[in-house]
Asker: 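Okay, handing you the structure first.
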Amino acid sequence: MSPVKLTLRCPSRVGQVTADPQPDFSFDDLRGELYSLEEKLKTSTTPFTKTCSRDFPLIKTTKRSSKPFVMGVYEDELQNIFSDGEVVCDQGSNAKRFNCDGCFLSDSEDSDNEATLETRAHLMEDVDLVESSLAQLTYDHLLNTKEEIRNQLGRLETNLTTLNEKSSAAASQIEKYYEARREADRRLDTQYQREIAEGLDKYLTTVQRHHEQISQREERKIRSDAAFEEAKRKEKAMLEEKKRLEKAKAEAEAKAKAEEAMKAAIEAESRAMKEVAEREAVENLKKVDAVQAQETIVGAPTTKPVNSVGQAKGTALDGTNVSRSPGSMVRASRNALTLEQERLQKLKELEEGNQALRLSSNKDFSTHERHIARLIRQIVGTKENVSTKTSQLLKIFMDPLCPQTISIAAFAKKVVSQCESSENAVFACSHVIVLVTSQVPSAMVLLLAEFHRACIYTVPKHIGYSEAAFESKESYYKTLGFREDVDGKMESVKDYLKRLEAYMKLYGALVQTEVPGARNIHGLEEGWAWLARFLNAVPPNIYTATALYAFLQVAGFALCRKYKSQFRKLLNIISDNFLIALRGKENPGLKQIIVQIESYLEDRKFLQEPEGRTLRGSLLSSGMVPESEYTKDSYSRSGNSYFY
């Protein structure tokens, strides 16, 4: 009869104690093993926790294990063991009942013998009792441990609460102590700072009183020294003024003598030239028809012989005698020389009066002069700018704090000196000059005098070199207008020509400027006269050629538009006589200026309006004169022709 295998598995370890019996244990051995386990459990320091036995959980649950319950029995005992489909295990007073509805019976050939099955049946009953005991012990131990832990936690919470209360009380006391200390420190600091402030105030008061005493002594000393220096300065100024007046008087006397001598020489030369002209006139009576074919600039025939520029010898285009003899140093029209002398004399008288004003007055007028110079430097080619600068300049002229003569002299001087660095603004500057001089006419005379002083070709005149008249070449160059640098070295010809060109461009821009509502005292008529006198008086050279070309560049357009064919006749004279004379000098330095003049004539640039001549923006006079007077005198003289 083959046995049925019924297997009951128990855990191998419970806590740190091995609880799995050996298969061959007897009941006595198992009992002894249980006693040994109890002793080990009593002496074990590790908390005891019962783990689940093989496939049976400690905690009661309705969930069944997925593993089957296996038990080995013989088939003839099935009726007694599985009566009504249940297995009952007696564990003392407790009974375990197992439902065997799903029990699996096996007829394995490897089943153990009957004696082994009996031994295992008894062993399983004992093992179940051990597990129950172990579970009870574990549960009791767990309850005791939890209770002990609760007691310990309660004691710890009590101790912690007590400790927190003590800490809070101690912290409160410490905070009160710190607050008391801070309050005491604040009181001490306040008292200390008060004492320091009082001491510092006393010290500063003493120092201030001491400094005031020193300052008073210094002020008295400074006033005394200033009074002494002022008296010394006035005495020195009086001596210098006296010397200057004496020197000026001597120079004036010498100049007057030189002028008288020059006038006498010019008169003698005029008489000689007149006699020569009369003799030539008698000889050339047979050429009257040819002479009549050459009209003068006036447009009427003449019976006098003509020279290289189409005029009677010794006679300028304005009808005055011209110094043109080879031995003469000054080459200019007599009218031009007279006007130059008158203008320079007025400028000299005004400068002397201004110097007397400065000496008699303690005021410093240099601020007004610097203001005028700054306004002139700020002039640009817009109508708004020109109008603004004109108004500001006129306002300075009317300032009661500065005499008008000083302001006008400063204006004339700064305008001429500024043209060297503001070439691109010559037309705008000329508009300002016309607008200012239309309100203050005396400024134009001083401005022209400054022009003549800076550049002799604005007269126009030329001074020839003579060893008898000049001590050296440097002295001659100074007379022409050359400047010396700081080291006393004379400037180069290139630098001189650059300045000469700047002066002539501003002068040419001035004579051609016409502003509606403002009268140009030195307008196109004077420009026409300058050109006629220039061609009749000055000899052709690099200086006069540069002056002529600069003048034509800015004034040629306006002269051609007004004088038309008469102006073209002058251009023919330049081409047929002046340029030919320049080429005849065979000077390499003249090549560039000759090419420039030829280009101006051949390209007919006098028909093109110069760049910058028309200012940008609104009309200049719209804000300066009423609308009814806007065009008054603007072109009222355009129908007249002025011939010299």
Side-chain angles (χ1 to χ4, degrees), residues 15-16 43-49 138-237 358 361-375 377-378 385 388-389 391-392 395-396 398-402 407:
Q16 300 296 327
T43 59
S44 178
T45 58
T46 305
F48 180 77
T49 303
T138 301
Y139 180 72
D140 293 341
H141 180 73
L142 182 61
L143 291 178
N144 293 335
T145 302
K146 288 182 179 180
E147 185 64 26
E148 186 178 355
I149 290 172
R150 289 193 192 96
N151 294 336
Q152 289 181 0
L153 288 175
R155 288 193 297 273
L156 289 174
E157 289 177 356
T158 303
N159 294 338
L160 183 60
T161 303
T162 304
L163 184 60
N164 289 338
E165 292 176 354
K166 291 181 180 180
S167 299
S168 299
S172 178
Q173 291 179 358
I174 292 172
E175 185 66 27
K176 290 180 180 178
Y177 174 75
Y178 282 164
E179 186 64 29
R181 291 292 300 175
R182 284 195 293 269
E183 185 64 27
D185 290 342
R186 281 196 294 270
R187 288 196 297 270
L188 290 175
D189 290 343
T190 303
Q191 182 179 359
Y192 182 67
Q193 291 176 1
R194 187 183 299 111
E195 292 176 356
I196 291 176
E198 291 176 355
L200 183 62
D201 185 59
K202 291 180 181 179
Y203 174 75
L204 292 177
T205 303
T206 303
V207 172
Q208 184 178 5
R209 188 181 301 110
H210 179 66
H211 285 177
E212 288 177 354
Q213 293 174 357
I214 294 176
S215 177
Q216 290 174 1
R217 289 196 297 268
E218 291 293 334
E219 287 178 359
R220 288 195 295 269
K221 183 178 179 181
I222 290 172
R223 285 196 295 269
S224 177
D225 293 344
F228 177 76
E229 291 293 334
E230 183 66 18
K232 190 175 180 181
R233 186 186 66 80
K234 288 184 177 179
E235 182 180 358
K236 184 178 179 180
R358 288 188 174 92
S361 176
N362 294 327
K363 296 181 180 180
D364 185 12
F365 304 115
S366 60
T367 304
H368 295 77
E369 295 175 347
R370 288 194 298 270
H371 190 193
I372 291 172
R374 183 168 60 254
L375 292 175
R377 287 195 302 269
Q378 294 172 352
N385 176 269
T388 302
K389 301 309 174 187
S391 301
Q392 293 175 347
K395 185 177 180 181
I396 295 176
M398 303 305 172
D399 190 352
L401 299 178
C402 180
S407 300

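As a basis for the values below, the full set of heavy atoms in this structure was taken, side chains included, without hydrogen atoms, waters or symmetry mates. Because the structure is predicted, anything quoted here is derived from the model rather than measured.
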Asker: At what distance, to the nearest 0.5 angstrom, does CD of E148 lie from CG of L153?
Answerer: 10.5 Å

Asker: If you round to the nearest 0.5 Å, how far is CZ of R181 from CG of L188?
Answerer: 8.5 Å

Asker: Supply the atom-to-atom distance I149 CD1 to L142 CG, rounded to the nearest 0.5 angstrom.
Answerer: 8.5 Å

Asker: Closest heavy-atom contact between L375 and Q392?
Answerer: CD2-OE1, 2.7 Å

Asker: Calculate, to the nearest 0.5 Å, the distance between atoms CD and CZ belonging to E219 and R223 respectively.
Answerer: 5.5 Å

Asker: Any pair with a residue in residues 196-216 that passes salt bridge (charged side-chain N to carboxylate O under 4.0 Å, His left out), sequence neighbours left out, goes on the list, sorted by first then second residue, please.
Answerer: none

Asker: After noting the C-alpha distance and the side-chain angles of T367 and H371, does the key distance pass the side chain to side chain contact (heavy atoms under 4.5 Å, CB included) rule?
Answerer: CA-CA 6 Å; T367 304; H371 190 193; 5.7 Å; no

Asker: Just verifying a value: how many Å separate R186 CZ and Q193 CD, rounded to the nearest 0.5 Å?
Answerer: 12.5 Å

Asker: Side chain to side chain contact (heavy atoms under 4.5 Å, CB included) for I396 and C402? Distances and angles first, verdict last.
Answerer: CA-CA 8 Å; I396 295 176; C402 180; 5.9 Å; no

Asker: Inspect the contact between K232 and E229 and indicate whether a charged nitrogen and a carboxylate oxygen are less than 4.0 angstrom apart.
Answerer: no

Asker: Using a strict cut-off of less than 4.0 Å between a Lys/Arg side-chain nitrogen and an Asp/Glu carboxylate oxygen, indicate whether E175 and R182 qualify as a salt bridge.
Answerer: yes

Asker: How about CD on Q152, more than 12 heavy atoms from neighbouring residues, nucleotides or ligands closer than 6.0 Å, or not?
Answerer: yes

Asker: Is there a donor-acceptor pair closer than 3.5 Å between any side-chain N or O of S167 and the backbone N or O of L163?
Answerer: yes

Asker: Please list all pairs passing the salt bridge (charged side-chain N to carboxylate O under 4.0 Å, His left out) test where one or both residues lie in residues 154-171, with sequence neighbours left out.
Answerer: none

Asker: Could you tell me the separation between the CG atom of D399 and the CZ atom of F365, rounded to the nearest 0.5 Å?
Answerer: 10.0 Å

Asker: Would you call K176 and E183 a salt bridge, using N to O less than 4.0 angstrom?
Answerer: no

